[in-house]
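To start, the structure itself, in structure tokens.
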Amino acid sequence: MAARDEFESATENTELASLLRRRIDAEGAITFHDFMETALYHPALGYYASRQPMGREGDYLTSPEVSSIFGAVAGRQLEQLWQAMGRPQRFEVVEQGAGTGRMARDIVRWAAQRELGPALRYRIVEISAELRRRQEETLAGVSGVVWLDALPDAIDGVVLTNELLDSFPVHRVVRRETGLQELYVANSEGQFDWQAGPLSTPRIAEYFDALGLLPGVDCAAEVNLHALDWMKDVSSRLRRGFVLTFDYGYPAPELYAPWRKDGTLLCFYHHNASGDAFARVGKQDMTSHVDFTTLIRTGAEHGLKVAGFTTQSRFLANLGAGDAIGAVARESPDALEEYYARRRAVQELIDPAGLGRVRVLLQRKGVEAAELPGFRDE
């Protein structure tokens with residue numbers, strides 16, 4: 001593996017990297033799943049415990065950080081789901097992995113001005129102590145939000161996530177002429193490196209058997225078994241309502257297409273993307289795209305029916321994200337700065353080459369199908 005430059009070495013979390021090297025020296029090469037899980041989620045040294053990841057001042061930008069318009073549109077969708085459930089007096093929204101808390105803040109503030117407000121019970125499930133602290137700061141003065149350590153056992157309402165599943169630890173594989181091999185992380189003369197070996201779990205082979213396809217020969221790919229376990233867990237806890245998922249990903253034939261030689265693993269540091277998972281251990285984000293084909297199938301196997309599947313670009317446009325621009329022109333004709341700020345925000349949120357390519361999946365359980373404008377095809 002090529003030597004790192006001095007800038008990269010200086011940004012590595014040396015304590016975390018040493019911890020991982022000691023584990024590899026003691027146990028042998030480890031799965032990339034275990035490497036990624038430690039690098040991102042170690043409770044004291046991991047990326048999410050030690051950095052401010054989201055926002056323009058962080059390493060990557062999510063939709064709620066762009067503008068409160070995103071939260072308002074999400075609130076509009078939640079109101080429609082509440083109506084589809086018959087307008088219950090108590091409507092739970094459980095957001096898992098709430099980032100900086102901006103989406104929660106913007107949804108709750110929007111709902112407070114609507115008929116939905118009195119029914120809304122907003123819950124946040126957050127495993128990162130540092131992110132929870134930041135969420136509490138963002139939501140200071142916003143009433144009705146409660147933090148939980150895990151998903152409730154019985155949910156009547158909506159489980160909501162935004163760019164959560166693509167941050168789950170993944171296994172990496174490579175297809176050879178002889179079949180699938182797993183890519184492990186080894187310690188080669190003090191440097192992390194890839195090492196191919198047999199599959200660490202039969203679940204990986206079962207995963208591709210269920211799809212009826214494989215990555216192309218000599219192509220690397222990611223397998224997110226954690227996302228499937230999460231979907232099973234959510235399905236068992238959702239008594240009645242919806243699962244609303246915003247995330248980067250593709251249907252399986254596109255995700256595992258033979259032209260995709262290196263999979264979709266990406267790392268982000270100060271908004272610069274890299275494919276080197278070993279460059280800045282503990283100080284860069286790592287992510288891979290979601291296989292929506294398998295996610296949908298897993299949900300169906302556990303009682304969830306697809307209520308809608310589209311791109312964020314289409315979803316936001318269908319739900320009237322552009323109305324926020326026109327509102328400024330109508331209500332404050334002289335507020336040109338606000339007008340252009342909102343127009344830039346909407347353009348960024350629906351950009352098909354950027355945030356607009358995020359997929360939006362809605363699944364339902366115990367609720368009849370309803371007309372949902374956000375998922376119209378046209």
Side-chain angles (χ1 to χ4, degrees), residues 62-126 131-132 134-164 234-235 237-246 304 307-308 312 315-316 318-321 323-324 327 349 360-375:
T62 64
S63 298
E65 311 301 317
V66 172
S67 171
S68 60
I69 292 170
F70 182 80
V73 174
R76 185 174 297 174
Q77 178 62 85
L78 291 172
E79 184 175 57
Q80 292 173 3
L81 301 182
W82 171 65
Q83 293 166 349
M85 291 182 67
R87 301 171 181 257
Q89 291 185 346
R90 181 184 178 91
F91 179 70
E92 292 180 284
V93 173
V94 183
E95 183 184 358
Q96 188 169 1
T100 63
R102 290 193 181 186
M103 182 163 69
R105 180 198 65 190
D106 296 337
I107 288 173
V108 173
R109 285 180 174 174
W110 182 89
Q113 309 301 316
R114 307 282 297 191
E115 192 178 359
L116 171 63
L120 181 62
R121 305 290 186 274
Y122 208 99
R123 309 288 183 251
I124 292 176
V125 178
E126 182 57 67
L131 285 177
R132 176 166 173 168
R134 191 171 179 193
Q135 291 159 13
E136 289 171 343
E137 288 180 355
T138 301
L139 287 152
V142 178
S143 61
V145 179
V146 174
W147 277 263
L148 305 173
D149 295 328
L151 287 170
D153 289 334
I155 301 169
D156 292 289
V158 179
V159 178
L160 171 65
T161 64
N162 180 59
E163 293 190 43
L164 173 69
V234 168
S235 303
R237 295 172 186 270
L238 182 67
R239 188 161 54 188
R240 180 171 180 261
F242 299 88
V243 182
L244 180 58
T245 305
F246 295 84
L304 295 177
Q312 180 168 294
F315 176 82
L316 294 178
N318 285 347
L319 282 173
D323 293 350
L349 287 169
V360 189
L361 171 64
L362 182 68
Q363 296 157 292
R364 61 184 173 89
K365 182 179 182 181
V367 184
E368 293 299 317
E371 180 68 25
L372 297 168
F375 295 94

Inter-residue atom distance [X].[atom1] - [Y].[atom2], 0.5 Å rounding:
| X | Y | atom1 | atom2 | result |
| --- | --- | --- | --- | --- |
| L361 | F375 | CG | CZ | 7.5 Å |
| W82 | E115 | CH2 | CD | 4.0 Å |
| R102 | N162 | CZ | CG | 13.0 Å |
| M103 | S63 | CE | OG | 9.0 Å |

Residues at least two apart in sequence or cross-chain that pass ring pair (Phe, Tyr, Trp, His ring centres under 6.0 Å) with F242, listed by chain then number, are none
Minimum side-chain heavy-atom gap [X]-[Y] below 4.5 Å:
| X | Y | value |
| --- | --- | --- |
| L372 | L81 | yes |
| Y122 | V142 | no |
| V93 | I107 | no |
| R109 | S68 | no |
| L349 | V73 | no |

Can you see which heavy atom on [X] is nearest to which on [Y], and at what distance?
| X | Y | result |
| --- | --- | --- |
| P373 | E371 | CD-O, 3.7 Å |
| L120 | A111 | CD2-CB, 3.8 Å |
| R132 | E126 | N-CG, 3.8 Å |
| A370 | A84 | CB-CB, 4.1 Å |
| E95 | A104 | OE1-CB, 3.7 Å |
| D106 | G71 | CB-CA, 3.8 Å |

Donor-acceptor pairs are to be reported for all side-chain atoms of residues 143-158 against protein atoms at under 3.5 Å, with residues two or more places apart or in another chain.
{"unit_1": "W147", "atom_1": "NE1", "unit_2": "Q135", "atom_2": "OE1", "d": "2.9"}
{"unit_1": "D153", "atom_1": "OD1", "unit_2": "R237", "atom_2": "NH1", "d": "2.9"}
{"unit_1": "D156", "atom_1": "OD1", "unit_2": "R239", "atom_2": "NE", "d": "3.4"}
{"unit_1": "D156", "atom_1": "OD2", "unit_2": "R239", "atom_2": "NE", "d": "3.0"}
{"unit_1": "D156", "atom_1": "OD2", "unit_2": "R239", "atom_2": "NH2", "d": "2.4"}

Which pairs pass salt bridge (Lys or Arg N to Asp or Glu O under 4.0 Å) with one or both residues in residues 72-83, sequence neighbours excluded?
-> R76-D323, E79-R114
Is the count of non-hydrogen atoms from other residues, nucleotides or ligands lying under 6.0 Å from E368 atom CD greater than 12?
-> no
Taking R240 for its side chain and G366 for its backbone only, find out whether a donor-acceptor pair lies under 3.5 Å.
->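 Indeed, once roles are kept as given, a pair shorter than 3.5 Å links the two residues.
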side-chain contact (heavy atoms from CB on, under 4.5 Å), paired with L160, selected from L244, T245, I124 |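 Of the listed options, the one satisfying the test is L244.
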